[in-house]
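Below, chains carry the letters A, B, ... as their sequence lines are ordered, and counting in each starts from 1.
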2 protein chains.
Amino acid sequence: MGMLLRLAHLRAREIFAEALRPLDLRTYHYGALLVLARKGPCTQRELAAALATDKSTMVRMIDDLEDRGLITRARMPSDRRAHAITLTDRGREVTARADAIAETMHDVLLAGFTDDERRTLRDLLVRLTRYDAF
Amino acid sequence: MGMLLRLAHLRAREIFAEALRPLDLRTYHYGALLVLARKGPCTQRELAAALATDKSTMVRMIDDLEDRGLITRARMPSDRRAHAITLTDRGREVTARADAIAETMHDVLLAGFTDDERRTLRDLLVRLTRYDAF
DNA sequence: TATTGTTATACTCTATAACTATA
DNA sequence: TATAGTTATAGAGTATAACAATA
């Protein structure tokens, strides 16, 4: 099982990484954009939790996305320690393009799977990971 | 899907890595032992292919396992460039102990899954990864 | 005191390229 | 010339620890 999950992750990342290259995005960048698009503005801390990564890792990712003009950092008035991370218009547009690419790559990854099988796999993985975000 | 597979892999590796620590094995060491136990002696090249990793990565892994006395490297008479990697008695014993640990961790990872669901997940992942080794 | 974010640093896993010895 | 394995090195992704600003 461990090996299977490693190989599945590897294959998925390989496929998605290659497809996202034209947008100058790594897979983890897309993950952050996805969370922001679905949940709305987040603090870095919230984003890190949603992506199961470290706050210091988050700083780099947010730096990258800010450099590309896809998100903005703004001090929150309610808590001046925290940053509200918000998608820019460009960020929303790039996310939409990445979504389309991801959908296509999804079909590559799951070629030969029926819709039923895709749902089943997804549900089982959600239960395995206990991931309920979206 | 990409995020789910990442999280699933992460969670599985975390659980297995922790459980294998008393045997002084990383998860990838166990992967190599598993292939050797199931397929019998292999060359490093064959092992690398079975584990979807690089030949240079393989050298390190084999070094580690040799240092621990779990495998032997021997020049193959038929092709003196290649090494036959063979489990030692101690290697077989440690593999058996790791198998037992893995089985337990399997139950932790898949807590709440019926046998049927476990089979289904496994089958879907085998198809996704196109992994047919065992 | 505790928490958000930042920085500097280091770790794990993996790959690339140049090499050797065989074929 | 091609391949098995080795070595040195580098990269991606991630984490740890110490810190500044704020709570």
Undergrad: Could you check which of dA23(C), dT3(C), dG5(C) has an atom nearest any side-chain atom of Arg81(A)?
TA: dT3(C)
Undergrad: Mapping Arg45(A) and Arg6(A) to their closest nucleotides on DNA chain C, which lands nearer the 5' end?
TA: Arg45(A)
Undergrad: Report yes if at least one side-chain N or O of Thr53(A) is closer than 4.0 Å to OP1 or OP2 of dA15(D); otherwise report no.
TA: yes
Undergrad: Can you name the nearest heavy-atom pair linking Ala50(A) to Val35(A), along with the distance?
TA: CB-CG1, 4.0 Å
Undergrad: Just how far, in rounded Å, is C1' of dT16(D) from CE of Met58(A)?
TA: 18 Å
Undergrad: Between the side-chain atoms of Arg80(B) and the base atoms of dT22(C), is any donor-acceptor pair under 3.5 Å?
TA: no
Undergrad: Taking any heavy-atom pair under 4.0 Å as a contact, classify Thr57(A): base, sugar-phosphate, or nothing.
TA: base
Undergrad: Less than 3.5 Å apart, any donor N or O on the side chain of Thr114(B) or Asp116(B) sitting next to an acceptor on the other?
TA: no
Undergrad: Does dA23(D) have its OP1 or OP2 closer than 4.0 Å to a side-chain nitrogen or oxygen of Arg75(A)?
TA: no
Undergrad: Salt bridge check, Asp63(A) against Arg73(A): does any charged N sit closer than 4.0 Å to a carboxylate O?
TA: yes
Undergrad: Determine whether a donor-acceptor pair (one donor, one acceptor, N or O, separation below 3.5 Å) exists between the side chain of Ser56(B) and the base of dT16(C).
TA: yes
Undergrad: Looking at the side chain of Val59(A), which of dG5(C), dG5(D), dT12(C) is the nearest nucleotide?
TA: dG5(C)
Undergrad: Nearest-Å distance, CG (Leu10(A)) to P (dA12(D))?
TA: 16 Å
Undergrad: Would you classify Asp54(A) as touching base, sugar-phosphate or nothing, given that sugar-phosphate means primed atoms plus P, OP1 and OP2, and contacts are heavy atoms under 4.0 Å?
TA: base
Undergrad: Can you tell me the distance, in whole Å, between the CE atom of Met61(A) and the C1' atom of dA15(D)?
TA: 15 Å
Undergrad: Phe16(A) CZ to dG13(D) C1': how many Å, rounded?
TA: 18 Å
Undergrad: Rounded to the Å, how far apart are Glu14(A) CD and dA15(C) P?
TA: 9 Å
Undergrad: Can you check the Lys55(A) NZ to dT16(D) P distance for me, whole Å?
TA: 11 Å
Undergrad: Using the side chain to side chain contact (heavy atoms under 4.5 Å, CB included) rule, take Arg6(B) and Thr53(A) through it: C-alpha gap first, then chi angles, then the decisive distance, then the call.
TA: CA-CA 11 Å; Arg6(B) 170 178 170 268; Thr53(A) 192; 4.3 Å; yes
Undergrad: Would you call Arg38(A)-Asp99(A) a salt bridge at under 4.0 Å N-O?
TA: yes
Undergrad: Rounded to the nearest Å, what distance is computed from the CG atom of residue Leu25(B) to the P atom of nucleotide dC13(C)?
TA: 12 Å
Undergrad: Between Arg60(A) and Ser78(A), which residue's closest nucleotide on DNA chain D lies nearer the 5′ terminus?
TA: Arg60(A)
Undergrad: Rounded to whole Å, please give me the gap between CG in Leu7(B) and P in dT14(D).
TA: 10 Å
